[in-house]
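Okay, so here's the structure we're looking at.
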Amino acid sequence: MLALLIIEPVMSSSLPVVRTRFAPSPTGYLHIGGARTALFAWAYARRHGGQFILRIEDTDVARSTPEAVQGILDGMQWLGLAHDEGPFYQMQRMERYKEVIQQMLAAGTAYQCYMAKEELDDLRAAQEARKEKPRYDGRWRPEPGKTLPPIPPGHNPVVRFRNPTTGVVAWDDQVKGRIEIANAELDDFIIARADGTPTYNFCVVVDDRDMGITHVIRGDDHVNNTPRQINLLQALGAPVPRYGHLSMILGDDGTKLSKRHGAVSVMQYDENGYLPEAVLNYLGRLGWSHGNEEVFLMAQFVEWFDLDHITSSAAQFNTEKLNWLNAHYLKLADDARLGAEIRRRLSREGVTATDCPDAAAIAALYKDRVQNLNELADCAHPFYIAPHASAELVAQHLTDAAQAALADLRSRLARADFLPEVLGKALKETLVATGLKMPQVAIPLRVALLGQPQSPAIDRVLAVLGRDRTLERLDRLP
RNA sequence: GACCCUAUCGUCUAGAGGCCUAGGACAACACCCUUUCACGGUGUGAACCGGGGUUCGAAUCCCCGUGGGGUCGCCA
């Protein structure tokens, strides 16, 4: 493994290059907010013919896990958000960070601070008691003519960035507009811990520079990091990318999403029967708009996507609308694909029958009536495993008259070709023979065959169920 | 507490000073279709947070409130 991964920024003489990145920290799965951030960063790069880079920010050794890394990779793959470069792992770039820290120390844009953690805690406590903003007081910051405290023995210093003390840091946020923050609000933050490992704001800056990131699209919980990063970038003499901060996604109930509440892995959406194109469409429309357009596939999204039409306020997740989109894409989905999904889901429940009926044919029967793949699998279930209707349904629908009609129908079906038109004709013959109306026969038939009083057109159901299963189930009537 | 962000139907949103009698979508409701249940179709109700300005004219610009959110770590 390379100890040093320095990516040369792509220098194009004429065409403006767009390079975006998605930089999650692997302390948990990829959730819906992260997925939208990734989607927007990906779409922006695609829209401009640029590159999308995946970077894993795993410097928090205590909380990062390989499982989380895999979860993120899986989520990205399920969504189809392919990266052009990476994944890069920050833990593999340690040498590079240390090198830059040495450069900054040498240049005087950073300095060592020997203040102990306990001292810092005391300082903060005192500041808070005085209702001040807690911040480092600069006691180890070298100034001309200033005498620094004697270096205490026995412990290693942290490295702090020498942040400008006056003036303002400002940027034109691509989604929120101009934002200005006074340097007086910022303190000399730590860029390397006592053990020498670099911290977040520093790694981000080094990486964004080394990787030639031109547009930083991320959650707006990073707005307050931006001025620090800009100052750092400037101290390094590096170009400042454009920033666009996405507001957060709230849960269905309007409250903040958290691990305990509503924040689920994108893979959970797969588990719950959502199609990736539905999730992508929903997410694309959450906080971004293109006039009144509601339904679009990624090719279209990429063509339309821009930063100008991103909402700057928080958006509440609406499962109902996602369900509607999912139902929409289900109707459009290929039967063979849905058939495979039915089998995958059924086999989880131990239903592994691979003989007829054909899952794709069942999908065709039900795909425009359900909202998700799990419902589709539920609909398919009685085709594979003979259901037992509830006593209530049996009592209600399988009356003597109905049983007699089904017996009449059975004899006709035994001789019929199992094609919808032929079956429909047999059904009508039974109506004539018994003097019953269609629902009076069709509903008992549904209960007998599928254990439910509702189904798609019964002749189509019969055709998919097939002669053997149909007759067998009719023979087993109570 | 300080700093920053934010505010149009229940929800996602359109809206770049007159095109707004504020549009679309989901959800809700009604009706139609129907072989049941769905799907689908048609229609109805539903919003510019409050107060001041600026302007001939404000949902749109400015200020002040209020509500919501974020950040203030040797986490990311």
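None of the values given here were measured: they were computed from a predicted structure. Within every chain, numbering begins at 1; the chains are lettered A, B, ... in the order of the sequence lines, protein sequences first and strands thereafter.
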Flag for A:H245-A:S312: side-chain donor and acceptor within less than 3.5 Å: no

B:U35 base / A:R446 side chain donor-acceptor hit below 3.5 Å: yes

[X] side-chain proximity, nearest of [options]:
X: A:K331; options: B:C75, B:A14, B:G40; value: B:G40
X: A:N225; options: B:U35, B:A76, B:G40; value: B:A76
X: A:K321; options: B:G24, B:C5, B:C3; value: B:G24
X: A:P134; options: B:G1, B:C12, B:G70; value: B:G1

Salt-bridge contact A:D137-A:R139 (side-chain N to carboxylate O under 4.0 Å): yes

P spacing across the pair B:G24 / B:G69, given as an integer number of angstrom: 31 Å

Span that lies between the C1' atom of B:C5 and that of B:U44, in whole angstrom: 38 Å

5' precedence on RNA chain B between A:M438 and A:T311 (nearest-nucleotide basis): A:T311

Given RNA chain B, 5'-ward residue of the pair A:P24 and A:N318, judged by closest heavy atom: A:N318

Sugar-phosphate only, base, or nothing, as touched by A:E128 at under 4.0 Å among non-hydrogen atoms: nothing

A:R412 atom CZ: more than 12 heavy-atom contacts under 6.0 Å: yes

